[in-house]
Each structure stands twice: as structure tokens, then as C-alpha cells.
*Asks:* 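Take a look at this one; I'll ask things after.
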Amino acid sequence: MISKAGLTVIDALSTGREATPVALATETGYSQAHIYEVLDDLLDAGLLVERRGPNNQRHVRVADHPVIEAYRTLQSELSHVDWAALLSPATLQVCWFLDKPRRVSAIAERLGITRQGVHKALSPLKHRAMLSPSGPEYAVSEDLAPLLAFAQAVVTHEHRSRAREIAPSATVEWCDPKHALVRVQTTEDTDTLLDRPDWQVTGLGRFEEYGLQFFLAGEPAFWYAPEEELTPADVVCHTLVRNNESRRVSYAMLLIEKLDIDQETLTDTATWYDLESTIAAMYQALQEGVEDSDELPVVLPSESEFMALKEQYGVA
């Protein structure tokens with residue numbers, strides 16, 4: 001996550017100018033030693049590029065990068081705010097969840113921090129009247145969409161960099177500040193992630209563990225969630241989050257039936273993936289039968305198709 005010092009440097013360079021570490025130390029008020037550390041981190045992250053001038057003097061400027069573009073948009077559309085002073089790593093993490101009204105307790109549980117920690121991270125936004133309180137819930141004001149986009153760009157970049165450091169073909173399919181769903185393109189990268197304790201096979205690739213084995217076209221998906229248990233509810237959501245066509249919906253429904261996954265538990269998990277309406281339609285079909293409707297949020301299998309699938313895999 002970008003530190004306050006890192007964001008201050010990006011802010012100073014965001015116009016496209018080039019500067020030396022000495023000039024940046026003078027401008028930002030940070031020591032030269034600390035500026036060198038910050039520059040090394042930003043260069044490693046791909047957010048800056050460097051050239052060497054006379055006497056091997058370092059000159060840096062911002063890179064052509066999604067995080068930089070998102071910050072420039074934030075500055076351009078909301079130029080009256082000193083974002084470098086306002087945004088800490090913790091505030092950026094909490095901002096990720098504020099695209100819709102959410103309870104502080106839910107955010108705290110998802111991030112693995114205390115409610116006091118969430119309130120502290122929200123404090124700079126509260127003081128600037130940037131939050132839209134809705135009862136016990138908070139969301140970012142409608143005119144602060146660029147802030148959400150910047151937080152999302154930072155978080156996604158962090159996960160992408162972490163994954164590609166060990167699996168170069170990795171792409172991020174979904175993430176939040178503490179979790180990431182990724183896919184890889186090569187068997188070598190699959191083998192690498194299988195050997196890493198922080199990464200777990202998920203989606204259709206996980207069904208074999210529950211006695212349901214499907215043919216996979218390509219490599220399995222992986223879930224990054226250090227020290228957290230991967231639940232069947234997670235696996236259902238990971239199966240659907242980026243592709244909810246009829247075949248995947250059928251398989252997800254089959255897993256629900258096989259494991260008798262509680263609807264409330266799965267719905268609670270689905271809220272983080274914006275899959276609540278999809279899950280509701282699936283349970284309605286399981287409990288009341290499939291009804292053809294153009295208003296459904298997902299394409300469900302026909303009743304005969306699903307019964308045939310259950311018979312094929314021996315699901316009562």
C-alpha cells in the first residue's frame with residue numbers, strides 16, 4: 001500500500017515533471033535518506049521511472065501507470081483537497097468498501113482490524129464531510145467517485161504485483177484490500193501457487209475436494225487470503241464472480257445441494273461480491289423450481305438439465 005510519503009512524492013511529480021531526490025526532500029520536508037527509501041519502493045512498484053544524469057545523479061518522474069492515472073483524475077476533479085495529506089494506507093483500504101453503505105463492524109471484520117481502527121481511518125473523511133451516513137452505515141459521497149477509483153487502483157495493483165512476483169502470468173479477477181482472486185495462464189505458475197501456503201485453489205478447481213470433479217479448461221483459480229479458511233460459500237462465489245453463465249450456475253447450484261449450504265451464510269458472503277440477487281435466484285430455483293423470466297439476474301439451467309446433472313454426479 002502506498003505510504004503517505006509515497007503519495008506525497010507522487011503528488012509532487014504528478015504534473016509529469018522530473019526531479020532529483022535532493023529536490024524532492026527539500027520540497028516535501030522528508031529527509032534525503034527517507035526519500036531514497038520511498039523512491040526505491042515506488043520504482044520497484046513500477047509507479048516511477050528513473051534516469052541518470054551527470055555525475056550519476058538520479059532523476060525520477062511518474063510512470064504511465066493505472067495508479068498514477070487514477071491519482072491524476074482525483075487531483076483534476078477534486079483539486080481543492082490536499083489528498084497526499086488526507087489519505088493514509090488505512091484510509092485507502094477502508095475507502096475500498098464505501099461504494100455502498102456499509103457498517104463499520106462489517107468493514108472491521110473483513111479487514112481483520114478493530115472498529116476503532118476503521119473509525120480512525122474514516123476520521124479524515126468525516127472531518128471533510130466526505131461521507132454519506134445512512135443510519136449506522138457509511139458510504140462515500142456521490143461526487144467522490146474518483147476517490148473510490150483511486151483506492152481500487154491502488155489495491156488492485158498491490159495484489160497484482162504480489163501475485164506476479166511469484167507467478168508472472170497472474171491476472172486479478174477480483175480483490176478487496178485483504179483478499180484476491182487470481183487466474184494464471186501456465187502450469188508452471190499453477191505449480192508455484194500450489195506450493196505457497198497463502199494461496200488456495202478455488203472455484204471449479206476446488207469442487208474435487210467435495211466429491212465433484214469437472215473438466216477444467218485451463219488453469220484453476222487461486223484465492224489469496226492469508227491465515228483464513230476457504231469456505232464452501234467462498235467457493236460458490238468465486239465460481240460465479242466473473243462468469244455467471246448457465247453452466248457455472250448449474251455447477252454452483254450442484255455444490256449448494258451437495259453440501260446443503262445455508263442460504264443466509266451464502267448470502268452474507270455474496271454481499272462482498274455483489275452476488276446477492278444471483279444467489280437469491282439460485283435458491284428460489286432450488287426450493288421452488290426454475291421459472292423462465294427475463295427479469296432474473298442470472299441464466300438458470302432448466303429443471304430437466306439440473307436434474308440430469310444431479311443424477312450424473314449422484315447428488316440427492
*Asks:* Less than 4.5 Å apart, side chain to side chain, heavy atoms only: is that true for Val236 and Met253?
*Replies:*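 They are not in contact (no side-chain heavy atoms under 4.5 Å apart), so the answer is no.
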*Asks:* Between Thr192 and Glu188, is there a donor-acceptor pair closer than 3.5 Å when you use the side chain of the first and the backbone of the second?
*Replies:*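 At least one qualifying donor-acceptor pair exists.
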*Asks:* Would you give me the side-chain donor-acceptor pairs under 3.5 Å for residues 306-316, sequence neighbours excluded?
*Replies:*
residue : atom : partner : partner atom : Å
Lys310  : NZ   : Glu257  : OE2          : 2.8

*Asks:* So which pairs with a foot in residues 4-14 pass salt bridge (Lys or Arg N to Asp or Glu O under 4.0 Å), sequence neighbours left out?
*Replies:*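 Sorted pair list comes back empty.
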*Asks:* Just grab all the salt bridge (Lys or Arg N to Asp or Glu O under 4.0 Å) pairs involving residues 272-285, residues at least two apart or on different chains.
*Replies:*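 Qualifying pairs: Lys100-Asp274.
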*Asks:* Would you call Tyr283 and Ile261 a side-chain contact if the rule is heavy atoms closer than 4.5 Å?
*Replies:*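 Yes - at least one pair of side-chain heavy atoms lies under 4.5 Å apart.
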*Asks:* Ignoring hydrogens and angles, state whether a donor on the side chain of Glu228 or His179 is under 3.5 Å from an acceptor on the partner side chain.
*Replies:*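 Result is yes, a qualifying pair exists.
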*Asks:* The test is side chain to side chain contact (heavy atoms under 4.5 Å, CB included); show your working for Thr91 and Leu86 and say whether it passes.
*Replies:* CA-CA 8 Å; Thr91 300; Leu86 193 68; over 6 Å; no
*Asks:* Which heavy atom in Leu111 sits nearest to a heavy atom in Lys178, and how many Å separate them?
*Replies:*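 Reported closest heavy-atom pair: O-CE, 3.4 Å.
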*Asks:* Please collect all salt bridge (Lys or Arg N to Asp or Glu O under 4.0 Å) contacts where either partner lies in residues 217-227, sequence neighbours excluded, each pair once.
*Replies:*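 Matches after skipping sequence neighbours: none remain.
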*Asks:* List for me each residue that meets side-chain hydrogen bond (donor to acceptor under 3.5 Å, both in side chains) alongside Arg17, sequence neighbours excluded, and say none if there are none.
*Replies:*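 Glu27.
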*Asks:* Pick from Arg103, Lys126, Arg102: which one makes a side-chain contact (heavy atoms from CB on, under 4.5 Å) with Tyr138?
*Replies:*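 Only one of Arg103, Lys126, Arg102 forms a side-chain contact (heavy atoms from CB on, under 4.5 Å) with Tyr138, namely Lys126.
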*Asks:* Does any pair with a residue in residues 38-49 pass side chain to side chain donor-acceptor pair (under 3.5 Å), and if so which ones, sequence neighbours excluded?
*Replies:*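 Sorted pair list: Asp40-Arg58.
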*Asks:* Run the salt bridge (Lys or Arg N to Asp or Glu O under 4.0 Å) test against Asp191 and tell me which residues pass, sequence neighbours left out.
*Replies:*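 In terms of salt bridge (Lys or Arg N to Asp or Glu O under 4.0 Å), with neighbours along the sequence ignored, Asp191 is linked to no residue.
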*Asks:* Starting at OG of Ser88, measure out to CD1 of Ile2 and round the result to the nearest 0.5 Å.
*Replies:*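 Here the interatomic distance stands at 12.0 Å.
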*Asks:* Roughly how far, to the nearest 0.5 Å, is CG of Asp99 from CG of Leu144?
*Replies:*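 The distance works out to 13.0 Å.
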*Asks:* When you compare the side chain of Val104 with that of Pro136, does any pair of heavy atoms fall below 4.5 Å?
*Replies:*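 A side-chain contact under 4.5 Å is absent here.
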*Asks:* Side chains of Cys175 and Leu181: does their closest heavy-atom pair fall under 4.5 Å?
*Replies:*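 No, every pair of side-chain atoms sits at 4.5 Å or beyond.
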*Asks:* Taking the side chain as every heavy atom from C-beta outward, state whether Pro301 and Val249 have any pair of such atoms under 4.5 Å apart.
*Replies:*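 They are in contact (side-chain heavy atoms under 4.5 Å apart), so the answer is yes.
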*Asks:* For Glu229, I'd like to know if atom CD has over 12 heavy atoms of other residues, nucleotides or ligands within 6.0 Å.
*Replies:*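 Atom CD in Glu229 is not crowded, with 12 or fewer foreign heavy atoms closer than 6.0 Å.
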*Asks:* If only atom types and distance count, is the side chain of Ser123 paired as donor or acceptor with the main-chain N or O of His119 below 3.5 Å?
*Replies:*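 No, Ser123 side chain to His119 backbone: no donor-acceptor pair under 3.5 Å.
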*Asks:* Please answer: with hydrophobic residues joined when any side-chain heavy atoms are less than 4.5 Å apart, are Val49 and Leu13 in the same cluster?
*Replies:*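 Looking at the clustering, Leu13 is in a separate group from Val49.
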*Asks:* Against His238, only a single residue in Trp223, Tyr273, Trp174 fulfils side-chain hydrogen bond (donor to acceptor under 3.5 Å, both in side chains); can you say which?
*Replies:*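 For His238, the side-chain hydrogen bond (donor to acceptor under 3.5 Å, both in side chains) check succeeds only for Tyr273.
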*Asks:* In a table with atom names and distances, give each donor-acceptor pair under 3.5 Å that connects a side chain of residues 60-70 to protein atoms at least two apart or in another chain.
*Replies:*
residue : atom : partner : partner atom : Å
His65   : ND1  : Val67   : N            : 3.0
His65   : NE2  : His157  : ND1          : 3.2
Glu69   : OE2  : Arg72   : NH1          : 3.2

*Asks:* With sequence neighbours left out, write down each residue that passes side-chain hydrogen bond (donor to acceptor under 3.5 Å, both in side chains) with Glu264, or none if nothing qualifies.
*Replies:*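 In terms of side-chain hydrogen bond (donor to acceptor under 3.5 Å, both in side chains), with neighbours along the sequence ignored, Glu264 is linked to no residue.
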*Asks:* We want to know whether Ser14 and Gln75 form a side-chain donor-acceptor pair, criterion being a heavy-atom distance below 3.5 angstrom.
*Replies:*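 The criterion, which ignores hydrogens and geometry beyond distance, is satisfied for Gln75 and Ser14.
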*Asks:* Would you list the atom pairs, donor with acceptor, under 3.5 Å between side chains in residues 28-38 and any protein atom, with sequence neighbours excluded?
*Replies:*
residue : atom : partner : partner atom : Å
Thr28   : OG1  : Leu24   : O            : 2.7
Thr28   : OG1  : Tyr30   : N            : 3.4
Ser31   : OG   : His34   : N            : 3.1

*Asks:* Backbone N or O of Arg162 within a donor-acceptor pair of the Glu165 side chain at under 3.5 Å?
*Replies:*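 Such a contact is absent between Glu165 side chain and Arg162 backbone.
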*Asks:* Main chain of Ala153, side chain of Thr156: is a donor-acceptor contact present, judged purely on distance under 3.5 Å?
*Replies:*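 A pair under 3.5 Å: no.
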*Asks:* Restricting to non-hydrogen atoms, name the atom on Leu266 and the atom on Cys237 that form the minimum distance, rounded to 0.1 Å.
*Replies:*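 Closest heavy-atom pair between Leu266 and Cys237: CD1-SG, 4.0 Å.
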*Asks:* Ring centres under 6.0 Å, that's the criterion: do Phe214 and Phe207 meet it?
*Replies:*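 Yes, they do, as the ring centres are separated by less than 6.0 Å.
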*Asks:* Test: side chain to side chain donor-acceptor pair (under 3.5 Å). Region: residues 108-118. Which pairs qualify, not counting sequence neighbours?
*Replies:*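 Every side chain to side chain donor-acceptor pair (under 3.5 Å) pair that includes a residue of residues 108-118, provided the two are not neighbours, is Arg110-Asp176.
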*Asks:* Are Cys95 and Phe150 close enough that some pair of their side-chain heavy atoms sits under 4.5 Å apart?
*Replies:*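 SC-SC contact between Cys95 and Phe150 ruled out.
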*Asks:* Look at the side-chain heavy atoms of Ile, Leu, Val, Met, Phe, Trp and Tyr, link any pair under 4.5 Å apart, and say whether Tyr210 and Leu286 land in one connected group.
*Replies:*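 In one cluster: yes.
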*Asks:* Could you walk me through whether Ser105 and Val118 satisfy the side chain to side chain contact (heavy atoms under 4.5 Å, CB included) test, starting with their C-alpha distance in whole Å, then the side-chain angles of each, then the deciding distance to 0.1 Å, before giving a yes or no?
*Replies:* CA-CA 8 Å; Ser105 57; Val118 175; over 6 Å; no
*Asks:* Using a 3.5 Å distance criterion without hydrogens, assess whether the side chain of Glu245 forms a donor-acceptor pair with backbone atoms of Arg247.
*Replies:*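 A pair under 3.5 Å: yes.
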*Asks:* Using a side-chain heavy atom cutoff under 4.5 Å and only I, L, V, M, F, W and Y, what cluster partners does Tyr224 have?
*Replies:*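 Result for Tyr224 is Ile166, Val172, Val182, Val184, Leu193, Leu194, Trp199, Val201, Phe222.
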*Asks:* Apply side chain to side chain contact (heavy atoms under 4.5 Å, CB included) to the pair Val154 and Tyr71, showing each step before the final yes or no.
*Replies:* CA-CA 9 Å; Val154 170; Tyr71 188 67; over 6 Å; no
*Asks:* Distance from Leu47 atom CG to Leu42 atom CG, nearest 0.5 Å?
*Replies:*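 With rounding to 0.5 Å, CG (Leu47) is 5.5 Å from CG (Leu42).
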*Asks:* Calculate, to the nearest 0.5 Å, the distance between atoms CG and CG belonging to Leu204 and Leu212 respectively.
*Replies:*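 Taking CG in Leu204 and CG in Leu212, the distance rounds to 10.0 Å.
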*Asks:* Would you give the length of the straight line joining atom NE2 of His80 to atom CG of Leu78, rounded to the nearest 0.5 angstrom?
*Replies:*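 If I round to the nearest 0.5 Å, the distance is 5.5 Å.
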*Asks:* Are any side-chain N or O atoms of Thr269 and backbone N or O atoms of Thr265, one a donor and one an acceptor, separated by less than 3.5 Å?
*Replies:*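 Between the backbone of Thr265 and the side chain of Thr269 there is a qualifying donor-acceptor contact (under 3.5 Å).
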*Asks:* Mind checking whether Trp83 and Leu147 have side chains closer than 4.5 Å, heavy atoms only?
*Replies:*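 Yes, close enough: below the 4.5 Å cut-off.
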*Asks:* Compare all side-chain heavy atoms of Val298 with those of Leu275 and state whether any distance is below 4.5 angstrom.
*Replies:*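 Side chain of Val298 against side chain of Leu275, heavy atoms only: no contact under 4.5 Å found.
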*Asks:* Can you tell whether the side chains of Glu173 and Arg183 come within less than 4.0 Å, N to carboxylate O?
*Replies:*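 Salt bridge: yes.
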*Asks:* What distance do Met130 atom CE and Leu98 atom CG have between them, rounded to the nearest 0.5 Å?
*Replies:*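 It comes to 12.5 Å.
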*Asks:* So that I know where these two stand, are Phe97 and Trp272 an aromatic pair - ring centroids less than 6.0 Å apart?
*Replies:*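 Yes, ring centres under 6.0 Å apart.
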*Asks:* Determine the minimum heavy-atom distance between Thr239 and Arg248, stating which atoms define it.
*Replies:*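 Minimum heavy-atom contact is O-NH1, 3.0 Å.
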